[in-house]
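Each ligand, and each atom within it, is numbered from 1 in the order the structure gives.
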Amino acid sequence: MRQATVCIDQSALQYNLNRVKQLAPNAKIVSMVKANAYGHGIKDCLAALNSSDAFGVACLQEALEIRALGYEQPITLIEGIFSADEMQTVLAEKLECVVHQPQQVNWLLAHQEQYTALGLKVWIKLNSGMNRLGFKASEIIAVINTLKAAGFICVLTMHFANADADHPLNEQQIAQFIDIKQSCAPILASCCNSAAIYRWPELHFDYVRPGIMLYGATPFADRTVKDLDLQPVMTLSAEVIALNHIQKGEKVGYGSTYTALQNMDLAIVSIGYGDGYPRAYVKQNYVVIQGKMLPVVGRVAMDMVAIDVTGLNVALGTPVELWGKQRLVDDVADANGTIGYELLCRLSQRPHRTAK
Ligand SMILES: Cc1ncc(COP(=O)(O)O)c(C=O)c1O
């Protein structure tokens, strides 16, 4: 059988969740499991994240998957609902809505009695400068006052545009958030994603919303998972399916972009962009075979990739780590001009999935 395998380490996931608990001991944890738990597979991840206080997803379908698996924790729809008819499912499945548009506020007000009777909170999103979702500072107080007056339990929320970096917008976002929080006191509050959990303990407030750190990848360009004391959760692996000895001057792969500078041994490995392994690159990429970091040579194809194994005793069937505990997904992403988040989320359905 072709080997291209995603293995989820549930104890690593639990370890990382415990790191959040250590870093934010007084906040409730909304584990972000949107996009199929950042590509890791919702079922296996929920089993390890069961001690989370709540889950965060991007749409109703994702919330329904969690309920169908039997989890009863609160679920926050981080973009709220997309049409009025979704309100029925919100109530039936006890889901908490973000509101970032006046029409979403109206949909909630129309179901005020049922929603508040279920004890569901409403998350009111501040647009403090990211300019993606949310009410502007000049609008939000009126929205909060309306919802409070109607008996809703409100959570003031926002998202950082640059929690991973030093940027002047951070101070503006923080100042606006604290200002609105004070103006609307008492109100629950939540603004920290993974990077912000590390950077601003004073902003943990009532709920933190870790995503990437749970999966053992870094939100920062300049801090590794080792620096952050996190454990990579996903291992993407494959196997050597062919071995070639080539002469100096011979070419490798599509476009014949790689020319052997010496006689060399190549291992052909059963992984490609059809599995979600990235083809574009900006730096030399590597895989791990027998504990050694070995270079990818030539273009990544749909189903295969070639590795320089010159001088090593590699056999057919030898396992290859594309990313995992030795070759970090963050480093593969860096070599391919992207971020770990993207590589994890965009794996295809083709790799075989396991958990341990
Ligand atoms: C609203 C919101 N909160 C929290 C997160 C988690 O962010 P991270 O994965 O950087 O921790 C996200 C992710 O995109 C988000 O959109």
### Message
Contact between Phe55 and Leu49 at the side-chain level, heavy atoms closer than 4.5 Å - yes or no?
### Response
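With C-beta onward as the side chain, the pair touches.
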Which residue holds the protein heavy atom closest to [atom], what is that atom called, and what is the gap in Å?
{"atom": "atom 16 (O) of ligand 1", "value": "Lys34 NZ, 3.4 Å"}
{"atom": "atom 7 (O) of ligand 1", "value": "Asn193 CB, 3.4 Å"}
{"atom": "atom 10 (O) of ligand 1", "value": "Tyr341 OH, 2.6 Å"}

### Message
Has Gln231 got a side-chain atom pairing as donor or acceptor with Asn16's backbone, closer than 3.5 angstrom?
### Response
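Absent.
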### Query
Short question: side chain of Gln104, backbone of His100 - any donor-acceptor pair under 3.5 Å?
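Indeed, once roles are kept as given, a pair shorter than 3.5 Å links the two residues.
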### Message
Between Asp44 and Arg353, does any NZ, NE, NH1 or NH2 come within less than 4.0 Å of an OD or OE carboxylate oxygen?
### Response
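No, no charged N to carboxylate O under 4.0 Å.
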### Query
Do Asp166 and Arg199 sit within salt-bridge range, that is, some charged N less than 4.0 Å from a carboxylate O?
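Salt bridge between Asp166 and Arg199, a charged N being under 4.0 Å from a carboxylate O: yes.
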### Message
Can you confirm, on distance only, whether ligand 1 has an N/O atom lying under 3.5 Å from any N/O atom belonging to Gly211?
### Response
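By distance alone, the answer is yes.
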### Task
Examine Lys125 against ligand 1 and note whether any of their N/O atoms are separated by less than 3.5 Å.
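There is no such contact.
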### Query
If two hydrophobic side chains count as joined below 4.5 Å and joins carry through other members, does Trp323 share a cluster with Val297?
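No, because Trp323 and Val297 fall into different hydrophobic clusters, even though each may have its own neighbours under 4.5 Å.
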### Message
Just to be sure I read this right, does ligand 1 sit under 4.0 Å from the backbone of Ile212, its side chain, both, or neither, counting only heavy atoms?
### Response
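Both backbone and side chain.
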### Query
How does Ser194 reach ligand 1, if at all, at less than 4.0 Å between non-hydrogen atoms: by side chain, backbone, both, or neither?
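The answer is both.
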### Query
Of Arg209, His159, Met213, which has the heavy atom at the shortest distance from atom 12 (C) of ligand 1?
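Ranked by closest heavy atom to atom 12 (C) of ligand 1, first place is His159.
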### Query
Relative to the heavy atoms of Tyr38, which atoms of ligand 1 are at a distance of less than 4.0 Å?
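It comes down to these atoms of ligand 1: 6 (C), 7 (O), 8 (P), 9 (O), 13 (C).
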### Query
Any side-chain donor paired with an acceptor under 3.5 Å for Arg209 and Thr157?
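There is such a pair between these side chains.
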